[in-house]
Amino acid sequence: MPELPEVETTRRGLAPHVEGRRVSGVVLRRPDLRWPIPYEVVSLLPGQRVEAVRRRAKYLLLDTAAGSALLHLGMSGSLRVLPADTPVRAHDHVDIALDPIGRQGARVLRFNDPRRFGCLLWQPPGQTHELLADLGPEPLSDRFDGDYLFTLSRGRSAPVKTFLMDQRVVVGVGNIYAAEALFASGISPLRAAGKVSRERYRRLADEIRRILGHAIERGGTTLRDFLAPDGAPGYFEQELSAYGRGGEPCPRCGRPLKQAAIGQRTTVWCGHCQK
DNA sequence: AGAGTACCCTGCCAGC
DNA sequence: TGCTGGCAGGGTACTC
């Protein structure tokens, strides 16, 4: 469920409550999510102070001197900071208990994930987990621009939407924001990635940065159950132009928006405005 | 190497 | 009201 803006919103909500706190314990209510939860999470994390909450792509990292807990929210995961005695609900799979700090009482960082497509893994100090090793640039960084997309895409026959959603190309652009950025740039999602011009990739890169940045400002997109760690919903959904609007009038020309599966993922676009 | 497919799991919604 | 089928924002692993 969460794309980059949702994960970044989660990180920003978490950081003030988690950074500087000492982990007092870890409770696993099941041994695995997408993958088994490694022993280090239980054996090394307790007693450590969380130095920082970082994000890389859609992964969150809780840095400590002993290593980093590596979390992914998958499609249905969420993290909440709660009072330590908050009752457990369905799909609350993992608790990272946090000591009191200052005048604030004990807290628990609780990982809920109904579909269990998320993960909780371990990254030793100074190492990069193999899941992070081949990721593309952050879309809001200087390494990402239209020239980069143009160069990388030469010779690629896959649809440009599939290309954009490949995390080795650029991270954090999922189904929603790929559809929105292509709509805003006037590029058909079906066009072969290798057949998009440099000029249009510049426009596309600009739109990706603009839309992602704006969505972060708005607290992410609320779809079904996404909530920030403080329980506030995102407000971006009402601003979506294409995603979820198949059959409705195009916001630009009024013709019905098309909907079809591209690379197994539902895509919405305007056959008139996007070429 | 790149492209395409299958699969992981539960919840929710529309339609009957 | 209850059942069924289809769909959902993630990513990996496998084949060709």
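Here is how names work: the chains are called A, B, and so on, in the same order as the sequence lines, proteins then strands, and each is numbered from 1. Quantities reported herein were computed from a predicted structural model and do not represent experimental measurements.
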Q. How would you list, by chain and number, every residue that makes a ring pair (Phe, Tyr, Trp, His ring centres under 6.0 Å) with Y59(A), sequence neighbours excluded?
A. H72(A)
Give me the distances for all protein-to-nucleotides 3-6 of chain C N/O pairs that come in under 3.5 Å?
none

Q: Can you tell me the distance, in whole Å, between the CG atom of D166(A) and the P atom of dG4(B)?
A: 12 Å
Q. Using centres under 5.5 Å plus planes under 30 degrees as the test, is F117(A) stacked with dC9(B)?
A. no
Q. Which ILVMFWY residues are connected to I262(A), directly or by a chain of links, through side-chain heavy atoms under 4.5 Å apart?
A. L190(A), W269(A)
Q. Under the side-chain contact (heavy atoms from CB on, under 4.5 Å) test, which residues partner S197(A), sequence neighbours left out?
A. E199(A), R200(A)
Q. Quick one: L164(A) CG to dG10(C) P, roughly how many Å, whole number?
A. 12 Å
**Q.** Closest nucleotide among dG9(C), dG11(C), dG11(B) to the P114(A) side chain
**A.** dG11(B)
Q: Starting at atom CE of M165(A), determine the distance to atom C1' of dG4(B), rounded to an integer number of angstrom.
A: 15 Å
Q. What does R116(A) touch in the nucleic acid at a heavy-atom separation under 4.0 angstrom: a base, only the sugar-phosphate, or nothing?
A. sugar-phosphate
Q. For atom P, what is the distance between dA6(B) and dG6(C), given to the nearest Å?
A. 15 Å
**Q.** Any R115(A) side-chain nitrogen or oxygen under 4.0 Å from OP1 or OP2 of dC8(B)
**A.** no
(Q) Filter on ring pair (Phe, Tyr, Trp, His ring centres under 6.0 Å), then keep only pairs touching residues 109-147 of chain A, sequence neighbours left out; what's left? (A) none
Q) How would you list all residue pairs meeting salt bridge (Lys or Arg N to Asp or Glu O under 4.0 Å) that involve residues 105-124 of chain A, not counting sequence neighbours? A) D95(A)-R110(A)
Q) Is the closest basic N to carboxylate O distance between D145(A) and R202(A) below 4.0 Å? A) no
Q: Using heavy atoms and a sub-4.0 Å distance, could you list which residues of residues 258-267 of chain A are near DNA chain C? By number, please.
A: R265(A), T266(A)
Q. Has the side chain of E3(A) got a donor or acceptor atom that lies under 3.5 Å from a matching backbone atom of G174(A)?
A. yes
Q) For the atom pair CG (L60(A)) and CG (L120(A)), what is the distance rounded to the nearest 0.5 Å? A) 11.0 Å
**Q.** All pairs passing salt bridge (Lys or Arg N to Asp or Glu O under 4.0 Å) where residues 54-71 of chain A contributes a residue, at least two apart
**A.** E8(A)-R55(A), R54(A)-D63(A), R55(A)-E138(A), R56(A)-E138(A)
Q: Starting from P on dG10(C), measure out to OH on Y59(A) and report it in whole angstrom.
A: 12 Å
What N/O pairs connect the protein and nucleotides 13-16 of chain C at under 3.5 Å? Give each pair on its own line.
none

(Q) Rounded to whole Å, please give me the gap between CZ in R168(A) and C1' in dT12(C). (A) 10 Å
Q: Using atom CG of L73(A) as one end and atom P of dC9(B) as the other, report the distance to the nearest whole Å.
A: 19 Å
Q: Kindly express the pairing pattern of DNA chain B in dot-bracket notation, using | wherever a base pairs with another strand and counting only Watson-Crick or G-U pairs under 3.5 Å.
A: .|||||||.|||||||
Contacts table for residues 97-106 of chain A: side-chain donor-acceptor under 3.5 angstrom, sequence neighbours left out:
unit_1, atom_1, unit_2, atom_2, d
D99(A), OD2, R22(A), NH1, 2.4
Q104(A), OE1, R21(A), NH2, 3.0

Q.
Using whole Å, what does the distance between atom P of nucleotide dG10(C) and atom CD of E3(A) come to?
A. 4 Å
Q | Pairwise 5' ranking along DNA chain B for R34(A) and A90(A), keeping only the more 5' one | A | R34(A)
Q: Check the distance between dG10(C)'s C1' and D113(A)'s CG and give it to me in whole angstrom.
A: 10 Å
Q. Is the distance from OP1 or OP2 of dG9(C) to the nearest side-chain N or O of Y243(A) less than 4.0 Å?
A. yes
Q) So does H91(A) get a side-chain nitrogen or oxygen closer than 4.0 Å to the phosphate oxygens (OP1/OP2) of dG11(B)? A) yes
Q. Heavy-atom contacts under 4.0 Å between residues 154-162 of chain A and DNA chain B, which residues?
A. R156(A), S157(A), A158(A)
Q. Any link between L62(A) and L70(A) through a network of hydrophobic side chains (Ile, Leu, Val, Met, Phe, Trp, Tyr) touching at under 4.5 Å?
A. no
Q: Kindly work out whether a path of hydrophobic side-chain contacts (I/L/V/M/F/W/Y, heavy atoms less than 4.5 Å apart) joins L45(A) to V18(A).
A: yes
Q: Determine, using the 4.5 Å side-chain heavy-atom cutoff (strictly less than), whether F183(A) and F163(A) are members of one ILVMFWY cluster.
A: no
